[in-house]
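It should be emphasised that the depicted structure is a prediction, and the values quoted were computed from it without experimental measurement.
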Amino acid sequence: MKAAHYLILISFLVVTTTSAQGRKIPVDTIITTKSKATINGTLINYTVQAGMQPVWGEKGEPIASLQYTYYTRDNIKDSASRPLLISFNGGPGSASVWMHLAYTGPRILKIDDEGYPVQPYGVNENPYSVLDETDIVYVNPVNTGYSRTIPEIGEEVDRKKFFGINADVKYLAEWLNTFVTRNNRWRSPKYIIGESYGGTRVMGLSLALQNQQWMYLNGVIMVSPADYKVLREDGPVSGALNLPYYTAAAWHHQALPAALQKNDLNDILPEAEAYTINSVLPAIAKGGFISETERNTVAEKMAYYSGLTKNEILDQNLVVPTSYFWKNLLKERSGYTVGRLDSRYLGVDRQISGDKPDYNAELTSWLHSFTPAINYYLQEELNFKTDIKYNMFGPVHPWDNSDDHTRDNLRQAMAQNPYLNVLVQSGYYDGATTYFNAKYTMWQVDPSGRMKDRFEFKGYRSGHMMYLRKEDLKNANDDIRAFIRKTQANGKSAKY
């Protein structure tokens, strides 16, 4: 069903900046449309703002402009009690297109039930969107989507203000203060959701919003979170935590021993997790001083849980790189590679042998659908017209990963704010930011364990973007909806 739209243009500032190609970047403008969708069986009328809002410099001048898309449900009597969900993707350098057009928003990609592209490209209604429960704003950080620095290029651009974990958190917190003020959302219960690197981003934002902007949240949602405390560190932890993901991916491809393969995935994953923590991690920690007996015992069991051979694991001293797994899991069975972000996807390499795949089979598939859909949707349905290129992935590197305290930032924010709860969502077949890595991050946020009842983990039978699979799209949105309902204050005081 094609939605009906009524165009209203509101310009806060008649300000543009010119790119190197002479194209105009709107700095402060809103285009508003009206639409409707049937969500959970109910027809919902809603308003969409497709806008640009400045990032203000120290002297009050715009130093960047961020593109956002803001959805509000119409005919709400008490907007103060209406939740607001603030959505980011990751990268760093990724536009906020993935969750916008495939997960929580009211419009969704034309794809098949397992997430594969379908032509002609475009969008449909999302019958599972959480817009029935919460208003939503999708924010594109600097150089993603249509967002840009001012000026777009040149020596005047201070990249240190935008392109690093701490800089990213700081300017986005300030930008959100302006957004919440402009849209009169200070009284609303607020939630921030981030996917992949966005998980790091929202952990940092939880404290920055609280301590720098005096904005207190009800919830942080991390979707397939990337925790750099593990991903960018060599050592026993990062070396061990991939095994349960190997179990899941091998189970999907029916590559496990019969004794495991005959069982349901949810029955075998706790086994693999327990073996990882209790045996694999200590074995890797012993390094070259592990006994040959223990080394062989662990390698044999890792082979049992991974679909690889004992010799392959021994050859790599018990630490099997994910890239090797993607390349070699199906080497002897079919010669296909498996996807990085979603290992259900298959790829065809130039040669079967090797240590890593030639390309990411799943990402090339997804870009088929997302790129034409977001360009069509913004320009033709939301009437946001510009010649500026929509950056699916933007130029944000080099990116400063130093001084990363985001995991503890989340702990501090939770300790200071008894309302604040955390939901973690992961796909079992995600080989980039694995589901067990996400569990480990969740466990490490609060070492005391005194706040563990405010954490919740949900796993799904798909990959990094688990919502591309229709069954998980419904389940994951239902989990967010339930989380938001559960974490409403309902008049309860914020105290221990």
Side-chain angles (χ1 to χ4, degrees), residues 7 9 11 13 15-31 33 48-55 62-70 87-102 105 107 109-110 117 119-123 137-159 161-163 168 171-172 175 195-198 201 359-360 363-399 465:
L7 178 62
L9 174 62
S11 182
L13 290 175
V15 179
T16 62
T17 185
T18 305
S19 73
Q21 294 77 26
R23 297 172 295 189
K24 299 294 183 181
I25 303 171
V27 173
D28 202 342
T29 190
I30 297 174
I31 296 174
T33 55
V48 191
Q49 289 182 9
M52 304 287 295
Q53 180 186 293
V55 176
I63 59 173
S65 186
L66 301 192
Q67 180 234 340
Y68 67 92
T69 311
Y70 176 42
S87 182
F88 297 95
N89 275 97
S94 172
S96 289
V97 54
W98 314 97
M99 292 197 291
H100 183 181
L101 278 193
R107 304 289 274 165
L109 292 170
K110 287 182 180 177
Q119 287 185 328
Y121 303 119
V123 294
V137 59
Y138 300 92
V139 184
N140 285 292
V142 167
N143 282 2
T144 72
Y146 295 134
S147 301
R148 298 292 189 272
T149 58
I150 302 173
E152 186 177 350
I153 58 175
E155 294 180 0
E156 306 96 312
V157 177
D158 186 354
R159 297 180 62 87
K161 290 184 179 295
F162 306 109
F163 304 130
D168 182 68
Y171 87 81
L172 286 171
W175 187 93
E195 181 178 22
S196 196
Y197 166 75
R201 175 179 280 140
Y359 67 103
N360 293 334
L363 187 58
T364 54
S365 174
W366 296 342
L367 289 170
H368 263 289
S369 303
F370 278 93
T371 309
I374 189 64
N375 280 278
Y376 155 77
Y377 178 61
L378 288 173
Q379 301 233 10
E380 297 187 45
E381 291 205 11
L382 299 189
N383 293 294
F384 191 93
K385 304 291 187 182
T386 177
D387 285 342
I388 298 300
K389 180 176 69 175
Y390 187 95
N391 283 340
M392 300 293 287
F393 300 101
V396 303
H397 297 283
W399 185 269
M465 297 194 290

Taking side chain as C-beta onward, heavy atoms only, is [X] less than 4.5 Å from [Y]?
X    : Y    : answer
L109 : Y377 : no
V48  : T69  : yes
Y171 : V142 : yes
T371 : Y121 : no
I374 : M392 : yes
P141 : L66  : no

Backbone of [Y] reached by a side-chain donor or acceptor of [X] within 3.5 Å:
X    : Y    : answer
E381 : Y376 : no
S147 : Q67  : yes
S96  : V139 : yes
N391 : N143 : yes

Please verify the inter-ring angle class for H100 with Y138; under 30° counts as parallel, over 60° as perpendicular, anything in between as tilted. parallel
Mind listing the closest non-hydrogen atom pair of [X] and [Y] along with its distance?
X    : Y    : result
P26  : S65  : O-OG, 3.5 Å
Y197 : G91  : CB-N, 3.6 Å
P395 : F163 : O-CZ, 4.1 Å

Spacing of [X] atom [atom1] and [Y] atom [atom2] [to the nearest 0.5 Å]:
X    : Y    : atom1 : atom2 : value
T149 : D158 : OG1   : CG    : 10.5 Å
N140 : M52  : CG    : CE    : 9.0 Å
S196 : M465 : OG    : CE    : 9.5 Å
I150 : E156 : CD1   : CD    : 12.0 Å
L101 : K110 : CG    : NZ    : 12.5 Å

Pair F384, T33 - check side chain to side chain contact (heavy atoms under 4.5 Å, CB included), show working. CA-CA 10 Å; F384 191 93; T33 55; over 6 Å; no
Which residues pass the ring-ring contact (aromatic ring centres under 6.0 Å, His included) test with Y390, sequence neighbours left out? Y146
For W366, ring-ring contact (aromatic ring centres under 6.0 Å, His included) partners two or more places apart: Y345
Determine whether Q379 and T386 satisfy the following criterion, side chain to side chain contact (heavy atoms under 4.5 Å, CB included), listing intermediate values before the conclusion. CA-CA 8 Å; Q379 301 233 10; T386 177; 4.2 Å; yes
S94: which residues meet the side-chain contact (heavy atoms from CB on, under 4.5 Å) condition with it, sequence neighbours left out? N89, W98, F393
Step by step, work out the side chain to side chain contact (heavy atoms under 4.5 Å, CB included) result for W175 and Q53. CA-CA 8 Å; W175 187 93; Q53 180 186 293; 3.3 Å; yes
Per the salt bridge (Lys or Arg N to Asp or Glu O under 4.0 Å) rule, which among R201, R159, K161 passes with D168? R201
Are there over 12 heavy-atom neighbours, none belonging to K389, within less than 6.0 Å of that residue's NZ? no
